[in-house]
Amino acid sequence: MRLSRYFLPVLKETPSEAKIVSHRYMLRAGLIKQASAGIYSWLPMGFKILRKLENIVHQEQQRAGHIPMLMPTLQTADLWRESGRYDAYGPEMLRMKDRHERDMLFSPTAEEMFTDVFRSNVTSYKDLPLTLYQIQWKFRDEIRPRFGVMRGREFFMKDGYNFDLTKEDALHAYNRHLVSYLRTYERMGLQAIPMRADSGPIGGDYTHEFLVLAETGESEVFYDSQITDLTFGDREIDYDDVAQCQAVLEEFTSRYARTDETHVEDEFTAQVPEDRRRVARGIEVGQIFYFGTQYSDKMGAMVTDENGVRVPVHMGSHGIGVSRLLGAIIEASHDDKGIIWPEGVTPFHCGIVNLKPGVAEADEACDALYKSITALGLEPLLDDRKDSAGAKFATMDLIGLPWRITVGPRGLKNGVVEVTCRRTGESEEMTPEMAVGKIARIYGPHVGADLTQPMPQRAFHTWM
RNA sequence: CGAGACGUAGCGCAGUGGUAGCGCGUCUGCUUUGGGAGCAGAAGGUCGCGUGUUCAAAUCACGCCGUCUCGACCA
């Protein structure tokens with residue numbers, strides 16, 4: 001993309017309503033514009049990042065064998081009356097009437113919808129296990145939205161629902177989600193720690209929240225410092241291997257890690273040596289639940305087991321706050337000049353700054369770099385505007401592309417361009433060909449090779 | 001929802017009863033160009049909305065709406 005043809009309304013000054021760094025930088029970098037309290041328009045570059053995050057979530061969910069679909073945002077009250085949540089939910093649920101005076105709502109979550117789809121189509125244990133999910137806009141009418149997209153009213157969220165014959169099977173689904181979530185966050189350049197969480201009104205003993213450590217986090221967290229040494233890396237995972245998924249869960253959840261909701265100081269001090277005890281703040285970016293037959297009982301989601309007995313299915317639900325992740329990533333990765341995007345989610349893979357647009361050799365060198373990088377399957381952002389060097393660098397630093405190639409007559413005279421790492425600020429001069437090679441090597445692990453396959457041994461009879 | 005603050009140009013702000021301002025940004029032209037350049041010119045405002053007080057309201061009073069902060073609540 002050429003900046004002269006893009007739409008990137010950056011701000012030099014910070015709008016006064018933005019209090020935390022991610023909100024300030026999202027506004028200044030031209031990612032979002034507030035439409036009303038807790039509701040945002042996604043400007044082109046913000047939308048691009050949102051789509052990147054969405055794609056990563058899709059890929060990792062499908063790799064785990066989970067099946068994507070899409071539910072309506074506007075739903076009638078009927079199903080919600082069936083589960084009892086229409087009355088239980090309170091004013092957080094945005095309610096409205098259609099022209100026929102029917103009670104409608106903007107979905108804040110979708111247990112009822114998914115359970116209804118399941119019960120209408122699945123009747124035998126042979127069709128299990130099954131995990132359906134969506135990535136869709138949700139609405140919760142928060143009393144006081146704040147912190148930009150970190151706590152909006154409208155938010156983009158992945159929500160998935162597993163349907164299993166037994167509790168053991170459902171717990172495997174729980175583990176599978178934990179593993180896939182660890183992979184997902186790590187691809188986004190985040191370390192998200194699974195912490196024992198409060199199940200809240202949804203009930204059930206099995207629930208973990210995933211928290212990204214950040215000073216501005218909404219939750220206080222207590223953990224064993226050994227946890228932050230754990231990484232998922234590129235280990236091979238067979239999502240159908242029950243023991244393997246269980247082992248990962250144990251590896252990542254055996255040490256003390258809790259939010260303030262479940263923290264018990266005595267257990268903390270008993271289990272963790274003093275030099276490894278950490279108290280910090282965290283941003284919640286996901287949560288997994290096993291809740292048993294709560295919804296299947298109420299809504300009649302039953303299957304016939306191998307003895308011919310109709311039994312309610314065991315369920316769980318699992319969420320990732322996709323729009324919130326933009327804020328979380330920025331909170332975890334920025335400096336005083338702006339955002340620093342991890343390579344896995346950056347809106348453009350590298351910036352090319354033409355210091356002298358209009359000068360033939362600079363224009364030609366930039367065009368050649370642009371074409372070579374595009375040919376690698378990568379997207380460069382070329383700043384070809386006639387503006388001062390300082391202004392261009394400031395914009396590039398603000399929007400946070402992890403790599404920048406600076407092209408000017410001074411360097412070209414010696415046959416070199418400058419490659420700068422946004423994170424470290426280190427620059428290196430090299431030929432344009434070497435610069436392209438460097439960018440190619442950096443992004444090698446992040447492009448291509450994203451194979452996704454559903455679980456091989458399951459055949460669902462209405463799945464076409 | 002309780003308490004508090006604030007709504008004036010795209011953004012940041014000044015203007016406390018007498019013709020609507022400043023900085024940044026934007027646009028035009030020229031000169032510039034290795035870390036948010038210079039000169040000249042220009043565009044851009046129902047002063048959140050309504051009612052009232054007054055000869056006169058951005059300014060005072062009342063009501064409403066919106067936004068933000070702290071708390072409670074939440075992904």
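Naming convention: chains lettered A, B, ... in sequence-line order (proteins, then strands); numbering from 1 in each chain.
Both A:A35 and A:E154 lie near RNA chain B, and the one whose nearest nucleotide falls closer to the 5' end is A:A35.
A:Y206 and A:Y290 have perpendicular rings, their planes meeting at more than 60° on a 0 to 90° scale where under 30° would count as parallel. Taking the six-membered ring where the residue is Trp, A:F268 and A:Y256 present tilted rings, their angle falling between 30° and 60°. Ring geometry for A:H23 against A:Y40 counts as perpendicular: the plane angle is over 60°, on a 0 to 90° scale with 30° as the lower cut. Using cut-offs of 30° and 60° on the angle between ring planes, the pair A:W137 and A:W42 is tilted.
Atom CD of A:E261 is surrounded by more than 12 heavy atoms from other residues, nucleotides or ligands within 6.0 Å. The local environment of OH in A:Y6 is crowded, with over 12 non-hydrogen atoms from other residues, nucleotides or ligands closer than 6.0 Å. Other residues, nucleotides and ligands contribute over 12 non-hydrogen atoms within 6.0 Å of the CZ atom of A:R278.
When Watson-Crick and G-U wobble pairs are counted only if both distances are under 3.5 Å, B:C11 pairs with B:G23. In this structure, B:U59 makes no Watson-Crick or G-U wobble pair, since no nucleotide meets both defining distances under 3.5 angstrom. Nucleotide B:C47 forms no Watson-Crick or G-U wobble pair with any nucleotide shown, as no partner meets the under 3.5 Å limit on both distances. With a cut-off of 3.5 Å on both Watson-Crick or G-U wobble distances, the partner of B:C74 is given as none. In this structure, B:G66 and B:C6 make a Watson-Crick or G-U wobble pair, each of the two defining distances being under 3.5 angstrom. In this structure, B:U16 forms no base pair with any nucleotide, since neither Watson-Crick nor G-U wobble geometry is met with both distances under 3.5 Å. Judged by Watson-Crick or G-U wobble contacts below 3.5 Å, the nucleotide B:U33 has no partner.
Atom CZ in A:R151 sits about 15 Å away from atom P in B:U67, given to the nearest Å. B:A72 atom C1' lies 16 Å from atom CD of A:E218, rounded to whole Å. What separates CZ of A:R24 from C1' of B:C11 is a distance of 15 Å, to the nearest Å. The CG atom of A:L8 sits 13 Å away from the P atom of B:U26 (whole-angstrom rounding). Rounded to an integer number of Å, the gap from A:L27 CG to B:G25 P is 19 Å. Between A:E209 atom CD and B:C74 atom P the separation is 11 Å, expressed in whole Å. Nucleotide B:U67 holds its C1' atom 13 Å from the CD1 atom of A:I39, rounded to whole Å. Taking atom OH of residue A:Y89 and atom P of nucleotide B:C73, one finds them 16 Å apart after rounding to whole Å.
The same atom, P, is picked in B:G44 and in B:C27; the two are 16 Å apart, to the nearest Å. Of the P atoms belonging to B:G17 and B:C68, the separation is 32 Å, rounded to the nearest Å. Separating the P atom of B:G52 from that of B:A5 is a span of 27 Å, rounded to the nearest Å. Between B:A14 and B:C6, the two P atoms lie 11 Å apart (nearest whole Å). Annotation: B:G41 and B:C70 have their P atoms spaced 46 Å apart (nearest Å). For the P atoms, the distance linking B:A61 with B:G7 amounts to 14 Å, nearest Å. B:C47 and B:U19 have their C1' atoms separated by 14 Å, with the value rounded to a whole Å. Spacing between B:G48 and B:A43 at atom P, rounded to whole Å, works out to 24 Å.
Take A:E101 and apply the side-chain contact (heavy atoms from CB on, under 4.5 Å) test, not counting sequence neighbours, and it matches A:K97.
Contact annotation: A:Q34 reaches the phosphate of B:C68 (side-chain N/O to OP1 or OP2, under 4.0 Å).
Of the residues in residues 136-146 of chain A, A:R140, A:E142, A:I143, A:R144, A:R146 come within less than 4.0 Å of RNA chain B through at least one heavy atom, sorted by number.
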Show your reasoning for whether side-chain contact (heavy atoms from CB on, under 4.5 Å) applies to A:L3 and A:L381. CA-CA 7 Å; A:L3 200 43; A:L381 180 66; 4.3 Å; yes
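With hydrogens and angles ignored, no donor-acceptor pair closer than 3.5 Å exists between the side chain of A:E17 and the base of B:G66.
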Annotated protein contacts, base or backbone, on nucleotides 32-41 of chain B with a non-hydrogen cut-off under 4.0 Å, one of B, S, - each: -BBBBS----
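Between the side chain of A:D159 and the backbone N or O of A:Y161 there is no donor-acceptor pair closer than 3.5 Å.
A salt bridge links A:E379 with A:K48: at least one charged nitrogen is closer than 4.0 Å to a carboxylate oxygen.
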